[in-house]
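Contents: one structure, followed by commentary.
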Amino acid sequence: MQLILLSLVLLLQNLFQPPTGQKEVFIFEDPSNSMNVTAIHEAFEDGEFDRLHTKDYNPGFTKSTFWLALRLPPEETPNKYYYVVGNPHINWVDLFEVKNDKINLINETGDHLPFDSRPINSRKFVFPIQSSSSTESLYFVKVDKHHESLQITQELVAIDQYHDTQLSEQLISGIFMGMVILLVIFGLFLFLTMKDYLYLFYAAFILSGFLWVSTNLGLGYQIWWSDFPMFENKARPIFSCAQAITALLFIQAFLKLKKRGTIYYINTALVYVGIAILIFFAVPIDYSQFPELVLSVLIIHNTWNLLLVIQFLFICVKESLQANRNAWFFLLAFTALIAFSIIELVAHTGKILVYDSYLSKHGVQTGYMVTAVILTFGLVYRFNNYKKDQERLLRNINQQQQTHSEQIREIQQNERHRIAEQLHNDVGSMLSLASLQLSSIRNEDLADGIKSKINIAEDIIHQANGQIQTISHLLVPFHLQKLGFAAAISYLCDNINHSHQIHLEYKIIGFERMTNYKKPAIIDLYRIIQELLSNIVQHSSAKNAFLQIIEHRDHINVVAEDNGKGITSKDPELKEKELSIASKIHYLNGKIEVLNKQEGGVLVYIQIPLNNLIHDES
């Protein structure tokens, strides 16, 4: 927040800063690129120079060399000034001083020479000059960038004013650099976390765009590659291509564009053209010997950039009209970049009164940061939507799994019911008939050995019939189907009390309307209580026990306690039954707590959400 407030203060401070007073400045074009300073001086004396009325001169793509003439009138007290040539990308810049009818070369510099050739450590070309108290001072500046695009910005400033301006510019650039680093780290973190190339394209777009802006402002040559003038001459088109390519890849991933169709093939073609231009400039060859080739490639590069702008606008508008909200972020960000760039370009034309302002110096830089911030918000918005979609998908999958599980359980329950009925009715009846037949034979006059065998066979049939009854009841609790849940639990508890092994008190509240319950779920609940009571009877060694089952509006509570020996047994059968109960409870999204009581015995608390037991009313 403090950085943002500081940026606003600096913006307002620079926005309304008055323009610096101008001395007389003239310009001359040398289309032959062969005139020396002596011939230029003669041309100036002959009045062939044109006077500059603004701080800017923009010949665009040119094959000529230009000469600036600065004339300072005499002053009573000689003053020292800085003459600033604001374009940091001029191949050769030479300063000459005319003194006592002699022309002296003061300084040779340019971005084709090492950075330390500049008299002042600045991203621009800054030359110390001074006025005279007796005679007029005359300086010539040779500006040579033939066969390339040239924009000249020049001004004469006081030294103190220049240093004050530099401090504010460096502070603003430092703030922007810090923001870019944070955004790049943010993108790389998301890429490593999500494994989605969208975030890698985002980080590459932010980084390459920042390098292009820094190179365009001359900061790259000043800070990072000051000893490599060959790279400085190629850095702008290289980073411009890298930024545009990553932007195109980013917008495709950001808007989830289909990898087929006309738009995709146009984007692919533009990417390949950009890669070809980037490779051309990245090859470590000095292209100064081929100025016509370089000029042609630069024209192709600018045309390619124009086509990219048109393509971006078309994609954003098309996707926005199709209600793609992600496209709104990109359209807003792209519009912000264009708007700030136009403001800077208009400022450089000298048509507005805020030339020496924040926007004239940092328009593209600010526009790019606004673009990056808007796209970051877009990524956050897209990420949130992604999370919501994933959560919705997981919910749907869970619902489908739950539906399938319920269908499987219902099929299993139906199959168990069929098997139980066959065992109980068919096999049980057949065994009963066999027992009757044996009984009828036993009444006949038979040898004692045969009668003994018949008795043994009857006992076996009786045991088998009992086992079948037990298996059928395990498969399907018939009492639950015949009596209902509350009555079946009461019947189960009463049977335990009739065994005289343990005294069981029980309380059942609710369960008056059972039609809303899912049949498999209520059977699971019955089996949970059945196994819980079985554990108490078989393993607790308790004399008394208590069971309470309460149906609430949104959940069911089951409380069971005894005064037995507590959980000390290592019986594997008990552990297996406990796991069986827990698995059934977890399946119903319930929870169970088993605690040893201080006075002895065990307290079991179970809570199961009701919405997992009843049918969905929707």
Side-chain angles (χ1 to χ4, degrees), residues 398-424 469-497 504-537 545-561 577-594 604-618:
N398 289 335
Q399 289 176 356
Q400 291 177 1
Q401 289 178 342
Q402 186 174 359
T403 302
H404 293 160
S405 298
E406 290 177 357
Q407 291 175 348
I408 291 172
R409 291 171 65 224
E410 186 174 354
I411 292 172
Q412 290 176 341
Q413 192 62 35
N414 291 336
E415 186 65 17
R416 287 176 177 178
H417 190 274
R418 184 183 65 81
I419 294 172
E421 284 187 342
Q422 288 182 348
L423 288 173
H424 185 270
Q469 295 293 329
T470 301
I471 292 172
S472 64
H473 281 288
L474 288 174
L475 288 171
V476 176
F478 290 104
H479 295 298
L480 180 63
Q481 292 182 338
K482 294 178 180 178
L483 305 176
F485 178 78
I489 296 297
S490 299
Y491 180 82
L492 185 61
C493 294
D494 291 338
N495 281 341
I496 291 174
N497 285 326
L504 175 64
E505 294 183 17
Y506 62 91
K507 182 182 294 185
I508 303 172
I509 301 175
F511 304 100
E512 296 173 355
R513 295 179 57 192
M514 299 300 295
T515 55
N516 291 336
Y517 281 85
K518 301 175 184 177
K519 183 177 179 181
I522 204 65
I523 291 175
D524 282 343
L525 183 60
Y526 176 83
R527 293 191 185 281
I528 288 171
I529 297 170
Q530 187 181 41
E531 291 184 30
L532 188 62
L533 294 176
S534 175
N535 288 343
I536 293 174
V537 171
F546 174 73
L547 173 68
Q548 176 179 275
I549 308 171
I550 301 177
E551 179 188 37
H552 296 276
R553 294 184 60 184
D554 57 352
H555 66 278
I556 291 175
N557 278 348
V558 178
V559 177
E561 60 178 317
K577 290 183 177 180
E578 290 177 353
L579 291 174
S580 175
I581 293 175
S583 64
K584 289 183 174 68
I585 294 171
H586 292 158
Y587 179 80
L588 297 174
N589 291 333
K591 59 183 181 179
I592 178 174
E593 294 183 21
V594 182
V604 179
Y605 176 82
I606 299 172
Q607 180 174 305
I608 299 175
L610 201 60
N611 57 0
N612 294 305
L613 301 175
I614 61 176
H615 294 285
D616 188 359
E617 295 180 356
S618 60

Hey, could you give me the NZ/NE2 distance between Lys591 and His555, rounded to the nearest 0.5 Å?
-> 8.5 Å

Straight-line distance of Ile606 CD1 to Ile585 CD1, nearest 0.5 Å | 3.5 Å

Would a 4.5 Å heavy-atom cut-off, applied to side chains only, mark Phe485 and Leu525 as touching?
-> yes

Closest non-hydrogen atoms of Pro609 and Asn589, given as atom of the first, atom of the second and distance, are CD-O, 3.3 Å

Quick one: pull up CD in Gln548 and OH in Tyr605 and give me the separation to the nearest 0.5 Å.
-> 10.0 Å

Could you please spell out the steps behind the side-chain contact (heavy atoms from CB on, under 4.5 Å) verdict for Tyr506 and Asp494?
-> CA-CA 9 Å; Tyr506 62 91; Asp494 291 338; 3.0 Å; yes

Quick check: does any side chain N or O of Ser490 sit under 3.5 Å from a backbone N or O of Ala486, one acting as donor and the other as acceptor?
-> yes

Keeping the roles fixed (side chain from Asn557, backbone from Ile550), state whether a donor-acceptor pair exists under 3.5 Å.
-> no

Rounded to the nearest 0.5 Å, what's the gap from NE2 on His586 to CD1 on Ile608? Could you check?
-> 10.0 Å

Quick one: pull up CD1 in Ile529 and CG in Leu547 and give me the separation to the nearest 0.5 Å.
-> 6.0 Å

Leu532 versus Ile581, closest heavy-atom pair with distance | N-CD1, 3.8 Å

Nearest heavy-atom pair of Gln530 and Leu492: which atoms, and what distance?
-> CA-CD2, 3.9 Å

Under 3.5 Å, side chain of Glu551 to main-chain N/O of Phe511, donor-acceptor pair present?
-> yes

Rounding to 0.5 Å, atoms CD1 (Ile556) and CD1 (Ile509) come to a distance of 12.5 Å

